[in-house]
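See below for the structure under consideration.
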Amino acid sequence: MALKIKEIQAKSIIGSTQVPSADYVINPYTGCQFACMYCFASFMGRFVGETNNNWGNYVYVKTNAVELMEKDILRLMKKNPHPRVVLSTVTDPYQGVEKKYRLTRGILETFAKNNYQGRVGILTKSPMILDDLELLKTITNLEVGMSITTTDDKLSRFLEVQAPLASARLRTLKKLNDAGIKTYVFVGPFLPHMKLKPELIDKLFSEIRKAGTTDIKIEYLNLPKHVKPRMNKLLKEESEEIQEIYSTSQLKKYREEIEPILRDSLEKYGLKLKFDEIVHHVGKQKLVEN
Ligand code: SF4
(Lines give C-alpha, C1' and ligand atoms only; values in the text may rest on other atoms or scores of the structure.)
Protein backbone atom coordinates (compact mmCIF):
# COMPACT_ATOMS: atom_id res chain seq x y z
CA MET A 1 0.00 0.00 0.00
CA ALA A 2 1.32 3.44 -0.90
CA LEU A 3 2.18 5.64 2.04
CA LYS A 4 -0.33 8.42 2.58
CA ILE A 5 1.42 11.69 3.39
CA LYS A 6 -0.72 14.58 4.51
CA GLU A 7 0.52 18.04 5.40
CA ILE A 8 -1.23 19.62 8.37
CA GLN A 9 -0.89 22.69 10.57
CA ALA A 10 -0.42 21.82 14.25
CA LYS A 11 -1.80 24.01 17.03
CA SER A 12 1.18 23.27 19.26
CA ILE A 13 4.39 21.30 18.99
CA ILE A 14 5.49 20.79 22.59
CA GLY A 15 3.43 18.35 24.63
CA SER A 16 3.50 17.28 28.25
CA THR A 17 4.41 13.68 29.04
CA GLN A 18 4.39 11.01 31.68
CA VAL A 19 7.70 9.65 30.40
CA PRO A 20 9.83 9.84 33.57
CA SER A 21 13.00 10.95 31.79
CA ALA A 22 11.43 13.99 30.11
CA ASP A 23 9.35 17.04 30.91
CA TYR A 24 8.12 17.62 27.37
CA VAL A 25 7.85 15.69 24.13
CA ILE A 26 7.99 16.83 20.52
CA ASN A 27 6.38 14.76 17.76
CA PRO A 28 6.82 16.51 14.39
CA TYR A 29 4.83 13.77 12.63
CA THR A 30 1.67 11.84 13.46
CA GLY A 31 1.97 8.27 12.29
CA CYS A 32 5.10 6.29 11.55
CA GLN A 33 5.99 4.60 8.30
CA PHE A 34 8.28 2.13 10.14
CA ALA A 35 5.12 0.18 11.03
CA CYS A 36 6.38 -1.85 13.97
CA MET A 37 3.83 -4.50 14.88
CA TYR A 38 4.25 -3.96 18.62
CA CYS A 39 3.97 -0.19 18.38
CA PHE A 40 2.11 1.30 21.31
CA ALA A 41 1.80 4.62 19.45
CA SER A 42 -0.66 3.16 16.96
CA PHE A 43 -3.46 4.70 19.07
CA MET A 44 -2.43 8.03 17.53
CA GLY A 45 -4.56 7.29 14.50
CA ARG A 46 -7.66 8.28 16.43
CA PHE A 47 -6.45 11.91 16.50
CA VAL A 48 -6.28 12.13 12.72
CA GLY A 49 -9.18 9.87 11.77
CA GLU A 50 -7.11 6.79 10.89
CA THR A 51 -7.88 3.26 12.07
CA ASN A 52 -5.66 1.23 14.28
CA ASN A 53 -5.12 -1.31 11.51
CA ASN A 54 -3.84 1.38 9.20
CA TRP A 55 -0.79 2.06 11.38
CA GLY A 56 2.32 2.38 9.25
CA ASN A 57 0.42 3.48 6.15
CA TYR A 58 0.09 7.17 6.88
CA VAL A 59 2.15 10.12 8.09
CA TYR A 60 0.65 13.49 8.93
CA VAL A 61 3.35 16.12 8.62
CA LYS A 62 3.11 19.11 10.95
CA THR A 63 4.60 21.51 8.42
CA ASN A 64 4.58 24.46 10.84
CA ALA A 65 6.50 22.48 13.52
CA VAL A 66 9.71 24.51 13.26
CA GLU A 67 7.84 27.82 13.24
CA LEU A 68 5.98 26.79 16.41
CA MET A 69 9.19 25.58 17.98
CA GLU A 70 10.90 28.93 17.40
CA LYS A 71 8.28 30.52 19.65
CA ASP A 72 7.89 27.68 22.15
CA ILE A 73 11.58 27.39 22.90
CA LEU A 74 11.55 30.91 24.33
CA ARG A 75 8.81 29.78 26.72
CA LEU A 76 10.86 26.73 27.74
CA MET A 77 13.95 28.84 28.30
CA LYS A 78 12.14 31.00 30.85
CA LYS A 79 12.13 27.95 33.15
CA ASN A 80 15.10 27.33 35.37
CA PRO A 81 16.64 24.84 34.82
CA HIS A 82 15.69 24.36 31.20
CA PRO A 83 13.28 21.40 30.95
CA ARG A 84 14.20 18.00 29.49
CA VAL A 85 12.72 17.46 26.06
CA VAL A 86 12.53 14.31 23.94
CA LEU A 87 11.93 13.77 20.22
CA SER A 88 9.89 11.64 19.79
CA THR A 89 7.55 9.41 21.78
CA VAL A 90 4.81 8.49 19.30
CA THR A 91 6.62 8.67 15.96
CA ASP A 92 10.15 8.22 14.66
CA PRO A 93 11.77 11.64 14.12
CA TYR A 94 14.01 10.22 11.38
CA GLN A 95 11.54 8.17 9.34
CA GLY A 96 11.65 8.48 5.54
CA VAL A 97 9.54 11.65 5.23
CA GLU A 98 12.13 13.53 7.30
CA LYS A 99 14.38 13.45 4.23
CA LYS A 100 11.90 15.74 2.46
CA TYR A 101 10.51 17.87 5.29
CA ARG A 102 13.49 18.12 7.68
CA LEU A 103 11.26 19.09 10.60
CA THR A 104 13.42 17.21 13.11
CA ARG A 105 16.47 19.02 11.78
CA GLY A 106 14.71 22.38 12.01
CA ILE A 107 13.64 21.72 15.59
CA LEU A 108 17.14 20.64 16.60
CA GLU A 109 18.51 23.80 14.99
CA THR A 110 16.36 25.88 17.35
CA PHE A 111 17.96 24.13 20.34
CA ALA A 112 21.44 24.72 18.95
CA LYS A 113 20.78 28.34 17.95
CA ASN A 114 19.39 29.25 21.37
CA ASN A 115 22.16 27.47 23.26
CA TYR A 116 19.53 25.43 25.08
CA GLN A 117 20.95 23.90 28.27
CA GLY A 118 18.26 21.34 29.13
CA ARG A 119 18.57 17.68 28.16
CA VAL A 120 17.53 17.14 24.55
CA GLY A 121 16.80 13.47 23.91
CA ILE A 122 16.31 11.86 20.52
CA LEU A 123 14.86 8.37 20.18
CA THR A 124 15.05 6.73 16.78
CA LYS A 125 15.57 3.54 14.80
CA SER A 126 17.06 5.32 11.82
CA PRO A 127 20.56 5.80 10.36
CA MET A 128 19.20 9.05 8.88
CA ILE A 129 20.19 10.68 12.16
CA LEU A 130 23.76 10.64 10.81
CA ASP A 131 22.72 13.28 8.24
CA ASP A 132 22.55 15.65 11.24
CA LEU A 133 25.74 14.52 12.97
CA GLU A 134 27.43 17.92 12.83
CA LEU A 135 24.28 19.61 14.14
CA LEU A 136 23.99 17.09 16.99
CA LYS A 137 27.49 18.02 18.12
CA THR A 138 26.41 21.63 18.61
CA ILE A 139 23.59 20.87 21.09
CA THR A 140 24.91 21.28 24.62
CA ASN A 141 23.11 18.52 26.49
CA LEU A 142 22.13 15.93 23.91
CA GLU A 143 21.50 12.23 24.23
CA VAL A 144 20.55 9.85 21.43
CA GLY A 145 18.62 6.68 22.12
CA MET A 146 18.75 4.00 19.44
CA SER A 147 15.91 1.47 19.66
CA ILE A 148 17.29 -2.03 19.16
CA THR A 149 15.30 -5.11 20.14
CA THR A 150 17.25 -7.90 18.43
CA THR A 151 20.42 -8.62 16.44
CA ASP A 152 18.47 -10.82 14.02
CA ASP A 153 17.64 -8.88 10.85
CA LYS A 154 15.03 -11.43 9.80
CA LEU A 155 13.16 -11.00 13.04
CA SER A 156 13.64 -7.27 12.84
CA ARG A 157 11.96 -7.24 9.41
CA PHE A 158 9.14 -9.47 10.69
CA LEU A 159 8.30 -7.29 13.69
CA GLU A 160 9.55 -3.85 12.68
CA VAL A 161 8.17 -4.17 9.18
CA GLN A 162 9.58 -1.09 7.47
CA ALA A 163 12.12 0.12 9.99
CA PRO A 164 15.85 0.11 9.25
CA LEU A 165 17.30 -3.32 10.04
CA ALA A 166 18.80 -4.05 13.45
CA SER A 167 22.27 -4.39 11.92
CA ALA A 168 21.99 -0.90 10.38
CA ARG A 169 21.02 0.51 13.77
CA LEU A 170 24.00 -1.11 15.45
CA ARG A 171 26.30 0.38 12.80
CA THR A 172 24.69 3.79 13.32
CA LEU A 173 25.15 3.50 17.05
CA LYS A 174 28.85 2.87 16.58
CA LYS A 175 29.20 5.90 14.31
CA LEU A 176 27.43 8.10 16.86
CA ASN A 177 29.70 6.83 19.63
CA ASP A 178 32.80 7.28 17.47
CA ALA A 179 31.71 10.89 16.89
CA GLY A 180 31.51 11.49 20.65
CA ILE A 181 27.69 11.66 20.88
CA LYS A 182 26.22 10.49 24.18
CA THR A 183 24.06 7.45 23.45
CA TYR A 184 21.93 4.81 25.05
CA VAL A 185 20.07 1.83 23.65
CA PHE A 186 16.38 1.37 24.16
CA VAL A 187 15.55 -2.32 24.24
CA GLY A 188 11.84 -1.73 23.94
CA PRO A 189 10.03 -3.91 23.90
CA PHE A 190 12.15 -6.69 25.35
CA LEU A 191 11.06 -9.58 23.10
CA PRO A 192 9.59 -12.23 25.40
CA HIS A 193 10.87 -15.29 23.49
CA MET A 194 14.44 -14.38 24.45
CA LYS A 195 13.69 -16.01 27.79
CA LEU A 196 13.64 -19.35 25.95
CA LYS A 197 17.10 -18.67 24.55
CA PRO A 198 19.12 -16.49 26.93
CA GLU A 199 22.02 -16.63 24.46
CA LEU A 200 19.98 -14.16 22.37
CA ILE A 201 20.08 -11.71 25.27
CA ASP A 202 23.83 -12.19 25.53
CA LYS A 203 24.25 -11.59 21.81
CA LEU A 204 22.17 -8.40 21.92
CA PHE A 205 23.99 -6.97 24.92
CA SER A 206 27.41 -7.90 23.60
CA GLU A 207 26.69 -6.19 20.25
CA ILE A 208 25.49 -3.05 22.04
CA ARG A 209 28.69 -2.99 24.10
CA LYS A 210 30.80 -3.57 20.99
CA ALA A 211 29.13 -0.55 19.39
CA GLY A 212 30.45 1.50 22.32
CA THR A 213 27.25 2.15 24.31
CA THR A 214 27.05 1.43 28.02
CA ASP A 215 23.66 2.89 29.01
CA ILE A 216 20.59 0.83 28.31
CA LYS A 217 16.91 1.19 28.91
CA ILE A 218 14.74 -1.92 28.88
CA GLU A 219 10.97 -2.01 28.68
CA TYR A 220 8.76 -5.08 28.86
CA LEU A 221 6.37 -5.77 26.01
CA ASN A 222 3.20 -3.78 26.46
CA LEU A 223 0.06 -5.35 24.98
CA PRO A 224 -2.83 -2.94 25.48
CA LYS A 225 -6.02 -3.72 23.63
CA HIS A 226 -5.12 -1.67 20.57
CA VAL A 227 -1.92 -3.76 20.08
CA LYS A 228 -2.79 -7.26 21.26
CA PRO A 229 -5.01 -8.36 18.30
CA ARG A 230 -2.31 -7.25 15.83
CA MET A 231 0.39 -9.21 17.67
CA ASN A 232 -1.83 -12.28 18.07
CA LYS A 233 -2.51 -12.29 14.35
CA LEU A 234 1.18 -11.96 13.54
CA LEU A 235 2.17 -14.81 15.85
CA LYS A 236 -0.61 -17.14 14.70
CA GLU A 237 1.77 -19.16 12.52
CA GLU A 238 4.40 -19.42 15.25
CA SER A 239 4.81 -22.42 17.58
CA GLU A 240 2.57 -22.81 20.62
CA GLU A 241 5.59 -22.22 22.79
CA ILE A 242 6.19 -18.81 21.22
CA GLN A 243 2.53 -17.83 21.40
CA GLU A 244 2.41 -18.93 25.01
CA ILE A 245 5.47 -16.95 26.06
CA TYR A 246 4.20 -13.77 24.40
CA SER A 247 0.89 -14.00 26.24
CA THR A 248 2.39 -15.00 29.61
CA SER A 249 5.03 -12.25 29.32
CA GLN A 250 2.38 -9.92 30.70
CA LEU A 251 2.40 -11.77 34.03
CA LYS A 252 4.37 -10.88 37.12
CA LYS A 253 5.81 -14.43 37.17
CA TYR A 254 7.44 -13.86 33.77
CA ARG A 255 9.02 -10.61 34.93
CA GLU A 256 10.27 -12.17 38.16
CA GLU A 257 11.94 -14.98 36.24
CA ILE A 258 13.52 -12.89 33.49
CA GLU A 259 14.76 -9.94 35.53
CA PRO A 260 17.71 -11.76 37.22
CA ILE A 261 18.74 -13.17 33.83
CA LEU A 262 18.70 -9.69 32.31
CA ARG A 263 20.59 -8.17 35.21
CA ASP A 264 23.28 -10.88 35.10
CA SER A 265 23.75 -10.35 31.41
CA LEU A 266 23.93 -6.57 31.82
CA GLU A 267 26.63 -7.01 34.42
CA LYS A 268 28.55 -9.44 32.24
CA TYR A 269 28.79 -6.85 29.46
CA GLY A 270 29.35 -3.84 31.72
CA LEU A 271 26.03 -2.24 30.77
CA LYS A 272 24.25 0.21 33.05
CA LEU A 273 20.48 0.00 33.36
CA LYS A 274 19.00 3.49 33.15
CA PHE A 275 17.15 4.42 36.35
CA ASP A 276 18.13 0.93 37.60
CA GLU A 277 14.72 -0.25 36.52
CA ILE A 278 13.16 -2.37 33.80
CA VAL A 279 10.11 -0.42 32.71
CA HIS A 280 6.78 -2.14 33.08
CA HIS A 281 3.51 -0.43 32.16
CA VAL A 282 0.71 -1.00 34.59
CA GLY A 283 -2.94 -0.06 34.47
CA LYS A 284 -4.39 2.59 32.26
CA GLN A 285 -1.87 4.77 30.51
CA LYS A 286 -2.22 8.37 29.61
CA LEU A 287 -2.22 8.76 25.86
CA VAL A 288 0.18 11.50 24.90
CA GLU A 289 -0.90 13.98 22.26
CA ASN A 290 0.63 17.19 21.05
S1 SF4 B 1 9.64 3.27 15.00
FE2 SF4 B 1 8.70 3.65 16.99
S3 SF4 B 1 6.95 4.99 16.56
FE4 SF4 B 1 7.59 4.07 14.63
S5 SF4 B 1 6.30 2.28 14.37
FE6 SF4 B 1 8.21 1.62 15.34
S7 SF4 B 1 7.82 1.68 17.55
FE8 SF4 B 1 6.22 2.89 16.53
Side-chain angles (χ1 to χ4, degrees), residues 1-8 10 13 15-19 22 25-62 65 86-98 103-104 122-126 145-150 155-166 169 186-192 217-238 243 246-247 249-250 279-290:
M1 187 187 277
L3 180 71
K4 169 178 164 185
I5 300 171
K6 191 164 174 193
E7 297 181 358
I8 56 169
I13 195 63
S16 58
T17 180
Q18 286 188 332
V19 174
V25 291
I26 300 178
N27 290 290
Y29 306 102
T30 299
C32 183
Q33 65 196 98
F34 288 166
C36 305
M37 298 304 283
Y38 52 68
C39 183
F40 168 77
S42 50
F43 70 84
M44 288 302 292
R46 75 179 68 157
F47 298 106
V48 286
E50 299 285 351
T51 63
N52 215 16
N53 288 340
N54 206 23
W55 184 249
N57 294 326
Y58 62 86
V59 180
Y60 286 67
V61 180
K62 301 174 188 173
V86 68
L87 279 104
S88 298
T89 50
V90 290
T91 190
D92 194 297
Y94 284 105
Q95 60 184 301
V97 290
E98 170 65 12
L103 298 181
T104 297
I122 301 174
L123 182 61
T124 184
K125 283 188 169 93
S126 176
M146 186 61 61
S147 296
I148 307 174
T149 57
T150 175
L155 180 61
S156 166
R157 183 52 69 244
F158 179 65
L159 283 170
E160 299 154 341
V161 185
Q162 293 179 95
L165 291 172
R169 288 179 235 163
F186 177 48
V187 178
F190 171 71
L191 300 176
K217 182 178 169 191
I218 307 178
E219 188 172 301
Y220 290 117
L221 177 67
N222 183 17
L223 289 178
K225 61 177 189 293
H226 67 282
V227 177
K228 201 171 182 175
R230 196 168 55 224
M231 283 299 285
N232 286 347
K233 196 168 158 200
L234 183 76
L235 298 176
K236 221 169 58 195
E237 304 297 317
E238 298 303 314
Q243 294 187 41
Y246 272 75
S247 58
S249 72
Q250 306 294 294
V279 180
H280 161 53
H281 289 285
V282 271
K284 216 171 161 202
Q285 293 166 51
K286 185 172 175 255
L287 304 181
V288 183
E289 166 60 325
N290 283 330

Legend entry - Donor-acceptor under 3.5 Å (Gln33 side chain, Val97 main chain): yes
Legend entry - Euclidean distance, Asn222 CG relative to Lys228 NZ, rounded to 0.5 Å: 11.0 Å
Legend entry - Close side-chain approach of Lys4 and Val59, heavy atoms under 4.5 Å: no
Inset, instruction - Specify the closest pair of heavy atoms between Thr104 and Pro28, including all atoms of both residues, with the distance to one decimal. - result: OG1-CG, 3.8 Å
Inset, instruction - Can you measure from CG (Leu234) to CD (Gln243) and round to the nearest 0.5 angstrom? - result: 10.0 Å
Inset, instruction - Could you go through the side chain to side chain contact (heavy atoms under 4.5 Å, CB included) check for Glu98 and Tyr29 one step at a time? - result: CA-CA 9 Å; Glu98 170 65 12; Tyr29 306 102; 2.6 Å; yes
Inset, instruction - Side-chain contact test, heavy atoms from C-beta onward, threshold under 4.5 Å: evaluate it for Trp55 versus Cys32 and give yes or no. - result: yes
Inset, instruction - Working to the nearest 0.5 Å, report the span between CG of Leu123 and CG of Asp92. - result: 7.5 Å
Inset, instruction - Could you tell me the separation between the CZ atom of Arg46 and the CG atom of Asn52, rounded to the nearest 0.5 Å? - result: 7.5 Å
Legend entry - Validation row: Leu159, Leu191 side chains within 4.5 angstrom (heavy atoms): yes
Legend entry - Lys217 side, atom NZ; Ser147 side, atom OG - distance, nearest 0.5 Å: 9.0 Å
Inset, instruction - With sequence neighbours left out, write down each residue that passes side chain to side chain contact (heavy atoms under 4.5 Å, CB included) with Gln250, or none if nothing qualifies. - result: Leu221, Leu223
Legend entry - Backbone of Asn27 reached by a side-chain donor or acceptor of Lys62 within 3.5 Å: yes
Legend entry - Least distance between heavy atoms, Val227 atom then Ser42 atom: CG2-OG, 4.3 Å
Inset, instruction - I would like to know whether Ser126 and Phe34 meet side chain to side chain contact (heavy atoms under 4.5 Å, CB included); could you show each step before the answer? - result: CA-CA 9 Å; Ser126 176; Phe34 288 166; 4.0 Å; yes
Legend entry - Rounded distance (nearest 0.5 Å) linking atom CZ of Phe158 with atom OG1 of Thr150: 12.0 Å
Legend entry - Contacts of Tyr58 that satisfy side-chain hydrogen bond (donor to acceptor under 3.5 Å, both in side chains) - sequence neighbours left out: none
Legend entry - Sequence-distant partners of Ser88, side-chain hydrogen bond (donor to acceptor under 3.5 Å, both in side chains), two or more places apart: none
Legend entry - Step-by-step side chain to side chain contact (heavy atoms under 4.5 Å, CB included) determination, Thr17 to Val86: CA-CA 10 Å; Thr17 180; Val86 68; 5.7 Å; no
Legend entry - Which residues share a side-chain hydrogen bond (donor to acceptor under 3.5 Å, both in side chains) with Asn54, sequence neighbours left out: Glu50, Asn57
Legend entry - Donor-acceptor under 3.5 Å (Thr91 side chain, Gly31 main chain): yes
Inset, instruction - Check for a donor-acceptor pair, side chain of Arg169 on one end and backbone N or O of Ala163 on the other, with a separation under 3.5 Å. - result: no
Legend entry - Side-chain heavy atoms of Phe40 within contact of Pro224, under 4.5 Å: yes
Inset, instruction - Return the set of residues passing side chain to side chain contact (heavy atoms under 4.5 Å, CB included) with Gln162 (not counting sequence neighbours), or none when no residue passes. - result: Ala35
Inset, instruction - Please name all residues satisfying side-chain hydrogen bond (donor to acceptor under 3.5 Å, both in side chains) with Tyr38, sequence neighbours left out, ordered by chain then number. - result: Lys125, Glu160
Legend entry - Partner set under side chain to side chain contact (heavy atoms under 4.5 Å, CB included) for Glu219, not counting sequence neighbours: Phe186, Val279, His281
Legend entry - pair Tyr220-Pro192: side-chain heavy atoms closer than 4.5 Å: no
